[in-house]
Every structure is written in C-alpha cells, then in structure tokens.
Amino acid sequence: MDPALREGRIQTVCLLVLSAVALGAALYWLRPVMIPFVLAVFFALALSPLVDVQVRRLRFPRVLAVLGTLVLGLVIFTLLAVLVSASVRQLAANAAGYQEKVTQLVTQLAAALSVARFGLEPEAVLAPLSEIPIGTLGGFLRGTTNAILETLSQSLLVLIFVIYLLAGGLGGGPAAEGTWGEIETRVKRFLVTKALVSAATGFLVGAFLSVLGIDLALVFGLFAFLLNFIPSLGSVVATLLPLPVVIASPDVSLTVAVLAIAVPGALQFTIGNVVEPRVMGESLDLHPIVILMALIFWGMLWGVVGMLLATPITAVLKILFEKLEHTRPLAELLAGRLTLVGPTGRA
C-alpha cells in the first residue's frame, strides 16, 4: 500500500476516534438539555399516530388533535403518579406487619442454622437483623420511581418540546421521504409496537400479582411496563423487583410467593422471546450484542434514561451509517453481518 495512503487512513481513524470521544463528552455535559429533547422526539413519534388518527379519521384540526393527545397523556401520567403515591403509602401503613414477618423469618433461619454451634448466641445475630428498616423499601421504590419519572423531571421542558414537535408535523401528515422518512417509519413502528407489548406485559403482571394479593401489585405492573423498554436486563429486574415485598409480607404463603415470582418471570420470558419477536420482526435489524453494548454505553452517559433510549438511538445511527458509503461497513457491523465487513467484502 502507498505510504501516503496508509498515513491518510491512519489520520482518518485517529480523527474519528477523537471525534467520538469529544462527542461522548459533549453528550454527557449537555445531558440536562439533550435528555429532555431526545425524550420529546421519541414521545412525539410515539404519540403522532394518535394525532394522525384524529386528523385523518375524525377530521379534527391539527392544533385540536395535538391538544387532545397531550391532555390524554397528562391524564394517564397523573393517574400513574397517584397510583405510585397510594401504593407507597400502603407500604408505609403495613410496615409493622412486614417487620414482624422479617423477625419470624430471621428466627426460623437462626434455628435452622443452629447459630449457637458457631459460638454465637442467637440473640446476638437476631438483634441487628430484626432491626432491618422495612420502611426503607418504600423509600427505595419511591426513589426508583423518581429516577424514572425524573426523566419527566424537566417535564415542562419536555412538554414544550413535544408541543412544538407535534405541531410542526413530526411523525404526522404526509409521509416523509429520504433518510429521515426511513428513520421516522422504523422508529415509530418500534416505539408503538414496543409500547403495546410493554403495556400488555405490565397489565398481565400487575393483574396476576393483584389476584395473588401481593402488595404494590399495580406498581410492579407499572415497573414491568417501563423496564420492558430495556432489552433483556429490564425483564430480569422487573421479575425480581417484587421479591422483597413477597418475602416480607405477613399474609403470603410459600406457594403464593413462588407463584408471584415464577409466573411473572414466565410471562416476561414468553412475551420477550416468543410474542415480541413475531410482532416486531427485524424492524431495527440490530444484533443482540450491539443492543447490549448500547445499553452499557448510553447507561453510562445518561443513566436509566439512556438505557431506555439506547435501542432506538442505535437504530437511528445504523440508518444514518447505511446512507454514507464510508460508514456503511459500520451499519453492517451493527446488524451483525461480519462477513460483509473486511478486506474482501464491501457493505
């Protein structure tokens, strides 16, 4: 290879690496503004079908359709906030019963392990364990909920962005053409389908836990809905999240406790591995390893919100890479088609 050409390629690669590092630093530094804006873009794409139905089928003016959609979204959000608040208050009210159940479990555990054989008095072990503050579980749930809802923390800014994006026709009206049209179509299909599948998952999990009489059942259903947007990892967390409440609840038998973990886990597995792939197909064309790495990267940059947005953001990048000849191999790499990336292959 010509030394000048090789040197030019090395310089190009170095510039790309430096640009990527600078872009990552900028995204991290600008996250107070970028997170609301990116959220608003995806909210607008997800809500645009509702606006479109009102405009095309019901013949509403676009401004009225946007206002109606926003009002509906705010009502749903308010109901969810009231649900979480009421459930946390219920947890605090039942804290004494949880504390008693924990004490019983610790006593049974101490007896089973025969603590005295190890030169320890059972009371010395039971005293600190029985003081486990069950009330902190409510704080944990409240804090986790606030971490997710803090994405809407700058709710006014997100709302303003969404209003302008919907009023400007994002995701609605005549179909966009070119690269942006393809991005809009794929991402909208992903968001709408994912939202419907996640809503079904959350409803089934919450309904089943309610039938079993598990406290905070509807809150766990809400978390199942939200965490389903995080591929793979989210379903595991959503399945294990009720475990502390199930263990500490004084009225839950062993059979009910097993069912409360096993059945939601089976629902998550079935929907995530059987139903969802059939419904969504290969709309995003991303390799599972790429999705996992995207979760790690965007999670480091933007936290929980970054993990929720990692998949659609990566899909947008892949579509952009496909449109440029020099970055097309990167698009093939994101799709997992390694045979097309190499010295003898061209994307």
Side-chain angles (χ1 to χ4, degrees), residues 16 19-31 33-49 52 151 158 161-162 164-166 168-198 228-232 234 276-277 279-337 340-341 347:
L16 286 175
S19 300
V21 173
L23 180 60
L27 289 173
Y28 182 79
W29 182 61
L30 294 172
R31 65 189 185 280
V33 176
M34 290 301 299
I35 288 177
F37 178 72
V38 175
L39 274 172
V41 170
F42 287 116
F43 279 149
L45 287 173
L47 293 174
S48 61
D52 197 42
T151 40
V158 174
F161 282 146
V162 170
Y164 275 97
L165 290 170
L166 287 176
L170 178 68
E177 298 180 355
T179 301
W180 176 248
E182 185 177 352
I183 291 174
E184 189 176 297
T185 300
R186 287 196 195 179
V187 174
K188 188 193 300 185
R189 185 187 305 124
F190 168 79
L191 290 175
V192 172
T193 307
K194 190 72 173 178
L196 293 176
V197 172
S198 300
N228 197 55
F229 284 87
I230 302 178
S232 303
E276 189 170 308
V279 173
M280 299 187 67
E282 299 294 331
S283 57
L284 297 182
D285 195 21
L286 293 173
H287 194 274
I289 297 299
V290 171
I291 294 178
L292 178 61
M293 297 303 296
L295 287 176
I296 297 173
F297 175 76
W298 289 104
M300 291 174 60
L301 282 183
W302 290 351
V304 175
V305 187
M307 298 180 73
L308 291 171
L309 299 177
T311 302
I313 289 177
T314 308
V316 170
L317 292 176
K318 177 182 175 296
I319 297 171
L320 293 175
F321 289 156
E322 287 176 344
K323 300 304 176 181
L324 300 175
E325 182 179 356
H326 295 293
T327 58
R328 204 164 294 153
L330 290 176
E332 298 297 331
L333 186 63
L334 293 178
R337 292 187 283 270
L340 300 180
V341 182

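From a predicted model like this one, the values you see are computed outputs, not experimental measurements.
Residues K318 and A335 share a closest heavy-atom pair of CE-CB, 3.7 Å. Across P312 and F190, no two heavy atoms sit closer than the pair CD-CE2, 3.8 Å. Of all heavy-atom pairs between S198 and N228, the closest is OG-ND2, 2.8 Å. Across all non-hydrogen atoms, the minimal contact from F161 to F37 is CD1-CA, 3.6 Å. Residue A310 comes nearest to A294 through the heavy atom pair CB-O, 3.6 Å, listed as atom of the first residue, atom of the second, then distance. Residues A44 and L165 come closest through the heavy atom pair CB-CB, 3.9 Å.
Using a 4.5 Å heavy-atom threshold, the side chains of L309 and W298 count as separate.
Atom CG of L292 is separated from atom OG1 of T311 by 10.0 Å, given to the nearest 0.5 angstrom. Atom CG in L166 sits 9.0 Å away from atom CG in L45 (nearest 0.5 Å). To the nearest 0.5 Å, atoms CG (L330) and CG (L320) are separated by 12.0 Å. The distance from the CZ atom of F42 to the CD1 atom of I313 is 5.0 Å, given to the nearest 0.5 Å. Distance CD1/I296 to CG/L301: 12.5 Å, rounded to 0.5 Å.
Ion pair R328/E332 not flagged as a salt bridge, since none of the NZ, NE, NH1 or NH2 atoms sits closer than 4.0 Å to an Asp/Glu carboxylate oxygen.
Judged as a ring-ring contact (aromatic ring centres under 6.0 Å, His included), and not counting sequence neighbours, F321 has no contacts.
A donor-acceptor pair is defined here as one N or O able to donate and one able to accept, closer than 3.5 Å; such a pair exists between the side chain of W302 and the backbone of L27.
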